[in-house]
Amino acid sequence: MPKLTVDGIEVEVPQGATVLQACEEAGVEIPRFCYHDRLSIAGNCRMCLVEMEKAPKPVASCAFPAGDGMVIKTDTDLVKKARNGVMEFLLANHPLDCPICDQGGECDLQDQSMAYGFDRGRFIENKRAVSDKHMGPLIKTIMTRCIHCTRCVRFSTEIAGVDEMGMLNRGENAEITTYLEKALASELSGNVIDLCPVGALTSKPYAFKSRPWELTKTESVDVMDAVGSNIRVDSRGSEVLRVLPRIHEDVNEEWIADKTRYACDGLKRQRLDRPFVRVDGKLKAASWAETFTAIRDKLSGMDGKKIGAIAGDLADVESMLALKDLMTGLGSPNIDCRQDGAKVGGGARAGHLFNTSIAGIEEADAILLVGTNPRWEAPLVNARIRKTWLATDIEVAGIGPRLDLTYDVDWIGAGPQTLQEVVDGKHPFAEVLKAAEKPMIIVGSGALARTDGARVLGAAKKIADSYGLVTEDWNGFNVLHRAASRVGGLEIGFLPGEGGLDTAGMLEAAGKGELEAVWLLGADELDTAAFENTFVIYQGHHGDKGAHAADVILPGAAYTEKNGTYVSTEGRVQRTRYSHLPLGDAREDWKILRAVSEPLGAKLPYDTIDQLQKRMIELNGALARLDHVAAGDWGDFGTDGAMDDAAFTLPIDNYYMTDPISRASQTMAACTEAFLAQTERTGTDG
């Protein structure tokens, strides 16, 4: 490991580290525009110049490897003059847009020009102007501001895996653009806005909305998928204006998916902000007392076995536990948190977790994907697989529809027949798994939502047992969930009790008239036509499919309006924090359930969220440790038996609209038009 001296401080850095990294190790801040820890080195901006002893001129510290015995100086007159000169050149063509630029107040160029810029310019030539580029409905471009750091190009090529951006021409005519000037088709495209050190790339939906000092910043967790990305919610008053990523190395690093970032405008549209009761076939606004009376009059004296409850994809653990306890009090065993009908849960805990962990993907040396599209179901998991594929010679095989996942995948089959061949050792990829030191299998939720889903899960377990996917220090068996609520629901046992009906059973019973009442906790991905003759209580925050079928509507709080616990697909326990109070008469879901339990004669035994969370932890101790992944026990799950011949299908046909919030978002509607319509016209994969 080389040792070098930085401003009189001796530091030791790993082999291959750069001078810039050595300076940071010594506690010296080096200005930069093009350098980024997670991107390849470009050495474009020259802002990081430092003086090296015996070197004839300043060196670019980001691109210069640290060597043993180097003497680096970062605060000499030569360095200051060099940085001042670089800044003067950068500003020579930069427009005076700061008062109207959306990057104002958060701009690296602004900050560094204060430290290294002149108070006047010496250039008298006309400033260079560049035409703005079309990058789709998410990214606004003002390319005259661009300083050609190429961060956006390197991100789209290396991290997102979409080769659609680059630099054209040379010298003064150089421009950053998307090839053929089409929209940047990636589920991670919004991250280029965070990477851009100037105002060349900004958020189109957020344009001219606010200044950063006007916003209330709340650290929270994303619920648009089951990854549990760490986010910051920026709100003003009762409106969420933007969502930004927070760094969490084990989950999302510093990236977030576009749906996470941009669907927030759906939080203010089509909201349920008051209770409703259906009278003479029409929903009419009512008071909370009238609503509770309507529920009491219908459910009082009803046989508990004729009542059911289904939790949706965005429900927090607290509300699901309150609903479970309420159903128990009413004598109903008919509860289910798997509204898609996935045959998972009820067995060993490892059978429903992403056991390898998201960060653990980087240790794998072989991956088998079964009936999943991680690019749409969990873009950050897909990005982690791509990162591993770029860094190693990992082999990735897939069973299911052929897709462009941004890395090489050997599509070995379309359905359960191929999966069975791997189980039996008859397929060549079985030898790859056997030879690998840390093999992985990722089973998609769509593959488990089939009628033979339990047998698919059982076949995947056989692969794990047969080919060494589970050892003392490695568990390569993974279920990739799509719903933020799913693992939390499974952890507290929000599953059918003894003799109880699952989601499919409740739908069938309702169609036959055997289920007289159903409680939908934000469950909107169902065929509500089956509930035509059933009393439907819908508790949620958007007027989506479930609300349209409801006889009583209880307005709940969205994830930005409550403190709630969520468990990610890897079993990581995290909590959302409210950025503002619920809209109108809406209330937190657990409070609604606690209030309605009294008139129903099944009073819940907690009055505060602390008491409810204590009850939650008593039920499952793994929920006590925040930001912790408790290893799942390896035991029995899934079932044996022949699987159906039908090929695996994917559960998501529109990445941008998968839940009530994203379906209410105008930005997501624009993305649907821009990207899916484009795909349908050209016949290419997303």
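All residue numbers in this chain count up from 1 along the given sequence.
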Test of understanding: with salt bridge (charged side-chain N to carboxylate O under 4.0 Å, His left out), list the residues that count as partners of [X], not counting sequence neighbours.
| X | answer |
| --- | --- |
| Arg242 | Glu106, Asp234 |
| Arg450 | Asp452 |
| Asp97 | Arg145 |
| Glu253 | Arg38, Arg384, Lys387 |

Holding to side-chain hydrogen bond (donor to acceptor under 3.5 Å, both in side chains), I want the full list of residues that pass it with [X], two or more places apart in sequence or in another chain.
| X | result |
| --- | --- |
| His548 | none |
| Asp365 | none |
| Thr150 | Asn44, Arg154 |
| Asp37 | Tyr35 |

Output every pair passing salt bridge (charged side-chain N to carboxylate O under 4.0 Å, His left out) with a member in residues 129-142, not counting sequence neighbours, ordered by first then second residue.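 Pairs touching residues 129-142 that pass the test: Lys133-Glu175.
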How would you list all residue pairs meeting salt bridge (charged side-chain N to carboxylate O under 4.0 Å, His left out) that involve residues 215-225, not counting sequence neighbours?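 The answer is Glu219-Arg246.
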Could you work out, with ring pair (Phe, Tyr, Trp, His ring centres under 6.0 Å) as the rule, every residue matching Phe155, not counting sequence neighbours?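 Here the qualifying residues are Trp255.
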Residues which pass ring pair (Phe, Tyr, Trp, His ring centres under 6.0 Å) with Phe494, listed by chain and number, not counting sequence neighbours: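 Per chain and number, Phe494 pairs via ring pair (Phe, Tyr, Trp, His ring centres under 6.0 Å) with no residue.
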Check whether Tyr655 forms a cation-pi arrangement with Lys259 (NZ or CZ under 6.0 Å from the six-membered ring centre, at most 45° off the ring normal).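 Yes, a cation-pi geometry holds between Lys259 and Tyr655.
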